[in-house]
Protein chains: 2
Amino acid sequence: MFMTMIADTGAGAETGTRPRIRAAARSLIAERGFEAVSMRDIARRVGVRPSAIYNHFESKQALLADLMVAHMERTLAALDRALPCDAAPRARLAAFARFHVGYHLDEPEDVFVAYMELRSLDAANRAVLGRMRDRYERVLCRILQEGIAADAFAPADPRIEARALIAMMTGVTVWFQEDGRIDRAEVVEHYVKIVLRSVGAAAPGEET
Amino acid sequence: MFMTMIADTGAGAETGTRPRIRAAARSLIAERGFEAVSMRDIARRVGVRPSAIYNHFESKQALLADLMVAHMERTLAALDRALPCDAAPRARLAAFARFHVGYHLDEPEDVFVAYMELRSLDAANRAVLGRMRDRYERVLCRILQEGIAADAFAPADPRIEARALIAMMTGVTVWFQEDGRIDRAEVVEHYVKIVLRSVGAAAPGEET
DNA sequence: CCGCAAGGTGAATGACCGTTCACAAATATG
DNA sequence: CATATTTGTGAACGGTCATTCACCTTGCGG
């Protein structure tokens, strides 16, 4: 009967054609953009004929949506794990910044695709992704509001500040390169400091 | 003889086929992305046949490069005009932020194209644009260094901070919409405040 | 009024696109 | 071992792409 039902999602799975299609599509789209990548390009990288892809994904559009939705699900789950839920606002904000920057440094391809290719999604998929993105943003927004309530910091408008901070931290993927002379951890802590300062939470004492 | 030689650059020029091609290409590429826009699309919007475009631009690639280079030249010139050269670092930083956010709100299409389509340029054009982008970034970096020297503020690493701030401010184009309930000037001043705070220059007193 | 250049046209070129389909190999299931 | 399902193949489909080219139109300098 029909009993496969393997999830095989996650950037780690290596065996099997389906994950290899995902990996090839991810890196090609990150490099060139969705519209500039053809199914033939993806198939060539996997070592398979273009028609074989259609055994695993309904269409090019469905493949993109699969990548983006899976990435956002993983991101939201990882954020949930990374946030200490009973800590003070300042520590929670630091944890958010540490997570966001670190995650974006670890998964640059997925992040880039999710960031750049919203407009290549059809209306239905774009709506789904938009909702997930809002959920992510709202987590930060709530931390800022808690911080205001607790007098820990004072951003003027939490929603604007949340968007500004996310844009700032996401931008790290544009210029950071592993082999550079700057250490990864150093970069992360740097962004954490900028974030804390920008909301008026000064730098004293411990963090996390 | 050959005596046309009109520059006709700038987002304002409306008459003539060449500027209308530029305008059509700009808005279509901003909306859909370079690879997703065809010469036929552009020609249709201008009200002309595709082959006519080649009387004005050598290729699709050259058209994109024209748009991006012209935009960056205008941007650099406008920045130069907007920066008070003999002011204190704090006022200069505020002016930079005010300029960057304001300019990005005023020219969202050009900004979006310049930001997203670097990868659609061929190697030579990408190098040209990269240099112009570096020039822009270096202006901010120098302001930060001057501020450090004058003890006006204390970003840890000026280069990282400059990139972070530019990414943050550029992100305003992603979410801001004119008809929204938030005032344009309000948004600008908000970003200025975040920028000043993030470098450790507190909020007291006057700003330029 | 002639000639010529600049700008626009329509058709054609070869290449590539996403996708389909009939079929073959492989793999698991009874 | 037989059979059904999954997975991959090769060839084709209609369509679109950027670009070229011979030609027509227009308006201006002489």
Side-chain angles (χ1 to χ4, degrees), chain A residues 1-8 13-26 28-29 31-68 117 119-125, chain B residues 1-8 13-26 28-29 31-68 117 119-125:
Chain A
M1 295 268 174
F2 49 89
M3 56 172 359
T4 37
M5 201 65 70
I6 20 149
D8 85 24
E14 288 302 330
T15 49
T17 302
R18 189 160 9 219
R20 292 177 58 229
I21 293 173
R22 283 204 186 89
R26 173 161 41 228
L28 283 171
I29 294 172
E31 183 189 332
R32 303 182 205 165
F34 180 72
E35 301 282 356
V37 172
S38 69
M39 295 297 257
R40 286 165 170 85
D41 293 331
I42 298 169
R44 196 175 310 121
R45 178 161 299 193
V46 175
V48 100
R49 244 44 69 183
S51 51
I53 297 179
Y54 291 85
N55 285 321
H56 301 282
F57 298 95
E58 223 184 32
S59 64
K60 198 190 176 194
Q61 171 72 209
L63 173 51
L64 177 64
D66 174 285
L67 285 179
M68 293 180 68
E117 301 298 350
R119 68 173 160 197
S120 300
L121 288 175
D122 61 29
N125 289 324
Chain B
M1 293 269 174
F2 48 89
M3 54 175 358
T4 38
M5 202 64 73
I6 18 144
D8 84 26
E14 288 302 329
T15 49
T17 302
R18 191 164 359 225
R20 292 179 56 232
I21 293 173
R22 284 204 185 88
R26 175 163 36 230
L28 283 170
I29 294 172
E31 183 189 332
R32 304 182 204 166
F34 179 72
E35 301 282 357
V37 172
S38 69
M39 294 298 257
R40 286 165 170 84
D41 294 331
I42 298 169
R44 195 174 310 122
R45 178 161 299 193
V46 175
V48 100
R49 244 42 70 184
S51 51
I53 297 179
Y54 291 87
N55 284 322
H56 302 281
F57 298 95
E58 224 184 32
S59 64
K60 197 189 175 194
Q61 171 72 210
L63 173 52
L64 176 64
D66 174 285
L67 285 179
M68 292 180 68
E117 302 298 350
R119 67 174 161 196
S120 301
L121 288 174
D122 61 29
N125 289 324

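So that the names make sense, note that chain A is the first sequence line, chain B the second, and so on, each numbered from 1.
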*Asks:* Specify the residue among B/Ala36 and A/Asn55 whose closest nucleotide of DNA chain D lies further upstream toward the 5′ end.
*Replies:* A/Asn55
*Asks:* For the helix from C/dC1-D/dG30 to C/dG30-D/dC1, measure the angle between the helix axis at one end and the axis at the other, each built from five pairs, rounding to 10°.
*Replies:* 10°
*Asks:* Hey, is the side chain of B/His56 poking within less than 4.0 Å of OP1 or OP2 on C/dG8, counting only N and O atoms?
*Replies:* yes
*Asks:* Among D/dT7, D/dT19, C/dT19, which nucleotide has an atom closest to any side-chain atom of B/Ser59?
*Replies:* D/dT19
*Asks:* Base, sugar-phosphate or nothing for A/Ser38? Non-hydrogen atoms, less than 4.0 Å.
*Replies:*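 Since only primed, P, OP1 and OP2 atoms lie under 4.0 Å of A/Ser38, the category is sugar-phosphate.
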*Asks:* At their closest point, which heavy atom of B/Ala36 faces which heavy atom of B/Arg32, and how far apart are they?
*Replies:* CB-O, 3.3 Å
*Asks:* Provide, to the nearest angstrom, the distance between the CZ atom belonging to A/Arg32 and the C1' atom belonging to C/dC17.
*Replies:* 15 Å
*Asks:* Can you tell me how far C1' of C/dT9 sits from CE of B/Met39, to the nearest Å?
*Replies:* 16 Å
*Asks:* Can you tell me the distance, in whole Å, between the CZ atom of A/Phe57 and the P atom of D/dT7?
*Replies:* 12 Å
*Asks:* Can you say whether a donor on the side chain of B/Ser51 sits under 3.5 Å from an acceptor on the base of C/dG10, or the other way round?
*Replies:*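 Answer is yes: a donor-acceptor pair is held.
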*Asks:* In whole angstrom, give the distance that lies between atom CZ of B/Arg40 and atom C1' of C/dT9.
*Replies:* 14 Å
*Asks:* Quick one: does A/Glu35's side chain have a donor or acceptor within less than 3.5 Å of a partner on B/Gly33's backbone?
*Replies:*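 Not confirmed, A/Glu35 side chain does not pair with B/Gly33 backbone.
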*Asks:* Send over the distance from B/Glu35 CD to D/dA18 C1', rounded to a whole Å.
*Replies:* 12 Å
*Asks:* Taking the side chain as everything from C-beta on, heavy atoms only, tell me whether A/Glu117 gets closer than 4.5 Å to A/Ile29.
*Replies:*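 A side-chain contact exists here, since the closest heavy-atom pair is under 4.5 Å.
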*Asks:* Among the candidates C/dT19, D/dT19, C/dG7, find the nucleotide nearest to the side-chain atoms of B/Pro50.
*Replies:* D/dT19
*Asks:* Quickly work out the A/Lys60 NZ to C/dC17 P distance and round it to whole Å.
*Replies:*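 Distance check: A/Lys60 NZ to C/dC17 P gives 9 Å.
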*Asks:* Pick one: which of B/Ile21, B/Val37, B/Leu28 meets side chain to side chain contact (heavy atoms under 4.5 Å, CB included) with B/Arg45?
*Replies:*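 Output: one option passes, namely B/Leu28.
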*Asks:* To check you understand the geometry: which heavy-atom pair defines the closest contact between A/Ala25 and A/Leu63, and what is its length?
*Replies:* CB-CD2, 3.9 Å
*Asks:* A/Ile21 CD1 to D/dT6 C1': how many Å, rounded?
*Replies:*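 After rounding, the gap between these two atoms is 13 Å.
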*Asks:* Using a heavy-atom cut-off of 4.0 Å across all strands, would you classify B/Val46 as base, sugar-phosphate, or nothing?
*Replies:*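 B/Val46: no heavy atom of the nucleic acid under 4.0 Å.
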*Asks:* Quick one: is A/Arg49 getting a side-chain N or O under 4.0 Å of the D/dG8 phosphate, OP1 or OP2?
*Replies:*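 No, no such contact exists.
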*Asks:* Would you confirm whether A/Asp41, through its side chain, and A/Ser38, through its main-chain N or O, come within 3.5 Å as a donor-acceptor pair?
*Replies:* yes
*Asks:* Could you give the OH-to-C1' distance, from A/Tyr54 to D/dT9, as a whole number of Å?
*Replies:*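 Whole-Å distance recorded here is 15 Å.
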*Asks:* Pairs under 3.5 angstrom only: tabulate donor-acceptor contacts from the side chains of residues 46-57 of chain A to other protein residues two or more places apart or in another chain.
*Replies:*
none

